[in-house]
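Structure first, commentary second.
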Amino acid sequence: MQRIFSGVQPTGNLHLGNYLGAIRNWVRLQDQYECIFCMVDQHAITVWQDPKELTRNTREVAAGMIAAGIDPAKNVLFNQSTVPAHAQLAWVFNCVARMGWLNRMTQFKEKAGKHKENASVGLFAYPNLMSADILIYKATHVPVGEDQKQHLELARDTAQKFNNDYGVDFFPLPEPLIFGAATRVMSLRDGAKKMSKSDESDYSRINMTDDADTIALKVRKAKTDLFPMPHSVEGLEERPEASNLLGIYAALSDRDKTEVIHHFAERQFSEFKAELVDLAVSVLGPINAEMKRLMADPSHIDAVLRQGAERANAIAEPILKDVYDIVGFLRP
Ligand code: ATP
Ligand code: MG
C-alpha cells in the first residue's frame with residue numbers, strides 16, 4: 001500500500017482552513033492509504049511558544065484530529081519530538097539542500113517579515129525538517145493545503161539530490177495531494193491572506209473550538225464588498241472576500257461552488273451569511289463537542305500518542321540506519 005505522511009503544528013487555534021484544507025481530506029484517505037499523522041511540535045518552536053501552551057495545544061490538535069474522524073487505531077498518530085529520527089534526518093538534509101533553494105521559500109519570507117535577521121535559524125531551516133518528516137517514512141503522498149506546495153517541491157528536490165549525490169535509488173519522490181473545494185481558505189478580514197493559526201486577529205479565522213455564538217459573530221463581521229450576491233464565477237477573482245465565503249460554503253456542504261452561487265444569486269448577503277453560520281455550526285458543533293470530551297481526559301490522549309510514537313519509531317529507525325550507512329557514518 002502507498003504511504004501518506006502529513007502534519008499540523010500544535011500552535012493553537014486549529015481553524016476551518018486546517019479542517020477543510022487538510023484534516024477532513026485525511027479522514028477520507030485513511031481507507032485507501034497507510035497513513036502517518038503528526039503533531040509537528042518541533043516545527044512549532046521555530047517561532048516562540050509558551051511551553052505550557054505547547055503541551056496543551058499538542059493534546060488539543062490530537063483531540064481535533066480524532067474528533068474529526070481520524071482513527072488512531074488504524075493510523076499512526078503521534079507528536080514529532082517523540083521520534084528522534086525526524087531531527088536526525090533533518091541534519092543530513094541541512095547538508096544536502098542548498099541555501100539558494102531555501103532562500104526562495106515564500107513561507108519564510110512571510111513569517112520572518114521585515115525582521116529577517118531576527119528570525120530563528122529553525123524558521124529558515126523549517127523546510128528541511130519537513131522533508132525529513134516525510135522521507136523518514138519513505139512516504140509517497142503528502143496531503144496538504146496549497147500553501148505547502150513549495151515546501152513539498154523542495155522535499156522532492158532534496159530526495160533527488162540525496163539519491164544523485166550518493167548514487168542510490170533510496171528515497172521516493174513524494175507527491176503532493178492537494179484536493180477538495182478548499183485548498184486555500186482565506187482570512188475573514190483580508191481576502192488576500194490565507195487563514196492562519198498565527199494571524200494576530202481571532203476574527204480572521206473560524207476556530208474548530210469556536211461555539212455557535214462566536215461563529216455567528218465572526219461570519220457577521222467577515223469582510224465583504226458593496227456589491228450584491230454574484231450570479232456566476234465570472235469576475236469573482238476581483239471579489240476575493242465574497243469568493244472565499246462562497247468557497248467555504250461549498251466546501252462545508254460538499255457542493256460545487258457554481259451550484260452555491262446559483263442557489264444564492266437572488267438573495268441578500270445577510271441571508272447567505274446566516275445560512276453559512278448554520279452550516280458551519282452544524283459541521284463544527286459535533287467535532288467541537290467531541291474535542292471537549294477528549295480534552296477532559298488528557299491521559300487517554302497521551303496513551304494514544306505513546307502508542308503512535310512506538311509504531312512511528314519502528315518504521316523510522318531502520319530507514320535512518322540505512323541513511324547513516326549510505327552517508328558513511330561509522331556505527332562501531
Ligand atoms: P501557522 O500560521 O502557524 O503556519 P497554519 O494555519 O498554516 O498555521 P499549519 O499547521 O502550518 O497551519 O498547517 C497544517 C495543514 O493545514 C497544512 O496541510 C496546511 O497546508 C493546511 N492549511 C493551513 N492553512 C490553510 C488554509 N488557509 N487553507 C487550506 N489549508 C490550510
Ligand atoms: Mg502554516
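Values reported hereafter were calculated over all heavy atoms of this structure, with side chains retained and with hydrogens, waters and symmetry mates removed. What you see is a predicted model; the values in this text were computed from it and never measured. Every number for a ligand or one of its atoms is a count from 1 in the order of the listing.
Close contacts between ligand 1 and G21 involve ligand atoms 29 (C), 30 (N) [criterion: under 4.0 Å to a heavy atom]. Atoms of ligand 1 lying under 4.0 Å from at least one heavy atom of H15, given by number and element, are 6 (O), 24 (N). In the vicinity of T183, heavy-atom distances shorter than 4.0 Å reach the ligand 1 atoms 28 (N), 29 (C), 30 (N). Annotation for ligand 1: atoms under 4.0 Å from non-hydrogen atoms of T11 are 3 (O). Ligand-side atoms of ligand 1 in range of R184: 28 (N), 29 (C), range being under 4.0 angstrom from any heavy atom. The atoms of ligand 1 that sit less than 4.0 Å from any heavy atom of Q148 are 20 (O). Listed by number with element, the atoms of ligand 1 under 4.0 Å from a non-hydrogen atom of G145 are 18 (O), 19 (C), 20 (O), 30 (N). The ligand atoms of ligand 1 that sit less than 4.0 angstrom from a heavy atom of S196 are 2 (O), 6 (O).
Looking at S6 next to ligand 1, no N or O pair under 3.5 Å apart turns up. Here's the thing with K111: one of its N/O atoms is less than 3.5 angstrom from an N/O atom of ligand 1. The shortest N or O to N or O distance between V144 and ligand 1 is not under 3.5 Å.
For CD of E200, the number of neighbouring non-hydrogen atoms (other residues, nucleotides, ligands) closer than 6.0 Å is 12 at most. Shown here is K109, whose NZ atom has more than 12 heavy atoms of other residues, nucleotides or ligands within 6.0 Å.
By the 4.0 Å heavy-atom criterion, H43 is excluded from the residues contacting ligand 1.
Cluster annotation: V96 is connected to Y126 through the hydrophobic network of ILVMFWY side chains, with a link wherever side-chain heavy atoms come within less than 4.5 Å.
With respect to atom 15 (C) of ligand 1, the closest heavy atom belonging to the protein is A22 CB, 3.8 Å. Of all protein heavy atoms, the one closest to atom 2 (O) of ligand 1 is S198 OG, 2.5 Å. Nearest protein heavy-atom contact of atom 13 (O) of ligand 1 is N18 ND2, 3.9 Å. The shortest contact between atom 30 (N) of ligand 1 and any protein heavy atom is with G17 O, 3.2 Å.
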Q. Passes side chain to side chain contact (heavy atoms under 4.5 Å, CB included), S198 versus T11? Steps please.
A. CA-CA 8 Å; S198 51; T11 40; over 6 Å; no

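For the pair R59 and D302, the salt-bridge criterion is met [side-chain N within less than 4.0 Å of a carboxylate O].
Of the options K149, K194, K197, the smallest heavy-atom separation from atom 7 (O) of ligand 1 is shown by K194. Compare V185, I248, N25 by their heavy atoms: the one nearest to atom 28 (N) of ligand 1 is in V185.
Remark: of the listed residues K194, K218, R189, H15, R189 is the sole one forming a side-chain contact (heavy atoms from CB on, under 4.5 Å) with S204.
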